Amino acid sequence: MDNRLRDLVIIGAGVAGLSAGIYAGRAKMDTLMLESAFPGGQAALTNEVENYPAIDNISGPELTNNMLEQATKFGAELKTASVTGVELSGDVKTIHTTEGDIQAKTVIIATGAKPRKLGFEGEDKFYGRGISYCATCDGFFFQDCDVFVIGGGNSAVEEALFLTKFARKITMIVRRNELSCTKSIADEVLESPKIEIKYNTELVRVSGGFKMESADFKNNKTGETWSYAPAEGEKFGVFVFVGYDPESALFAGQVKLSENGYIIADERLHTNIPGVFVAGDVRAKELRQIITASADGATAAVEAEKYLK
Ligand code: NAP
């Protein structure tokens, strides 16, 4: 048990949580940021960020490390612990963690979202042995191999472009007859000699013994099926980027959630529970970007400060 009653506990130290930490620390609130894995969240797994205002190009880890340094410089503390339960009603909130209980006057939920699984046969069996949800983490293991990228949104095309550094050939599997990403990066993908796009196509299964040996695909318009197997002695990879699901299960039954599990807040990011705020990708909203997560973090911290007063 951390026996200090904190002004603010921020659950999650991705971009939203770190930005909240910067604002809260700077406002001299006694602030603790809780993170179960590595600080930086999804952005820290992004190779290149080129749409953050005034920064032409920066790697995700560098951007989020800078945010962490800024937050700690202003006095926000970071603790590595997994949250196992929360009691959010009442003036004092209790957060149960793997490192003991923590109490706070206010809480900002900034738990983000996790990559969505697609549900094809073999997805779980070959996770970490051919199936990946992170090109920055696993792209290196597929030097000169064939890889498949599933999805046609911003994540899929950006990661496919990143994978051109390693892979021999990238085949994008897109279920629609067009990409759904921003036009400028769609053009880059369309011009890449290493990337082929198969539209109206879905991955049905991956198969093999210990090693992933083949993949079966289906054209969802014609019903035509086809298979891929790498050459003898080679391996291949499947990178899945089909969106994200909110990390909100811990708060269900206390904080009001949308139909899809996102946390509902008013425009000042107050949830239905007094003293509990939400920021970033776990919030029900339209645009999920680094800059909107940052803006949420700032708003939530300022609102927490006002609530304390
Ligand atoms: P997304 O925009 O939701 O795109 C998901 C992609 O996966 C779409 O192509 C979708 O196809 C496809 N998909 C979904 N379910 C599928 C299924 N069951 N089978 C096959 N394909 C499926 O997700 P995202 O690309 O991960 O991006 C998430 C958020 O982050 C978005 O708001 C995005 O704009 C943002 N983001 C921004 C940047 C940037 O600005 N640089 C970079 C990365 C992400 P349909 O189109 O047919 O639904």
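When a ligand or atom number is given, it counts from 1 through the structure's own listing order. Bear in mind the structure is a predicted one, so any value in this text is a computation, not a measurement.
Scored by the side-chain hydrogen bond (donor to acceptor under 3.5 Å, both in side chains) test, D7 finds K105 as partners (sequence neighbours excluded).
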From CA spacing to verdict: ring pair (Phe, Tyr, Trp, His ring centres under 6.0 Å), Y228, F148: CA-CA 10 Å; Y228 166 88; F148 293 87; 5.0 Å; yes
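At a heavy-atom distance under 4.0 Å, atoms from both the backbone and the side chain of S155 approach ligand 1. With a 4.0 Å heavy-atom cut-off, ligand 1 is reached by no atom of V174. Contact annotation for Y244 and ligand 1: only side-chain heavy atoms (C-beta onward) come within less than 4.0 Å of the ligand. Residue contacts with ligand 1 for E158 involve side-chain atoms from C-beta outward but no N, CA, C or O (heavy atoms, distance under 4.0 Å).
Among all protein heavy atoms, the one lying closest to atom 48 (O) of ligand 1 is R175 NH2, 3.0 Å. At the top of the distance list for atom 6 (C) of ligand 1, counting protein heavy atoms only, stands G153 N, 3.7 Å.
Of the polar atoms of L118, none of the N or O atoms is found under 3.5 Å from an N or O of ligand 1, judged by distance alone. Between R116 and ligand 1, no N or O atom pair is found at a separation short of 3.5 Å. Considering backbone and side-chain N/O of A156, none are found under 3.5 Å from N/O of ligand 1. Distances between N or O atoms of N154 and those of ligand 1 include at least one value under 3.5 Å.
For the residue pair N51 and Q289, a side-chain donor N or O sits within less than 3.5 Å of a side-chain acceptor on the partner. A donor-acceptor contact under 3.5 angstrom links the side chains of S227 and D216, judged on distance only.
Taking the ring axis of W226 as reference, the NZ or CZ atom of K218 does not stay both within 45° of it and closer than 6.0 Å to the ring centre. Under a cutoff of 6.0 Å and an axis angle of 45°, K235 and F142 form a cation-pi pair. Both cation-pi conditions hold for R129 and F210: the charged atom is under 6.0 angstrom from the six-membered ring centre and inside a 45 degree cone around its axis.
Using a distance-only test at 3.5 Å, with no hydrogens or angles considered, no donor-acceptor pair links the side chain of R205 to the main chain of E121.
Taking each of G119, G243, P115, G152 in turn, the one with a heavy atom nearest to atom 9 (O) of ligand 1 proves to be G152.
Every atom of ligand 1 is numbered from 1 in the order shown, and the set under 4.0 Å from a heavy atom of R288 is 30 (O), 32 (O), 35 (C). Within the listing of ligand 1, atoms 8 (C), 9 (O), 46 (O) sit less than 4.0 angstrom from a heavy atom of S180.
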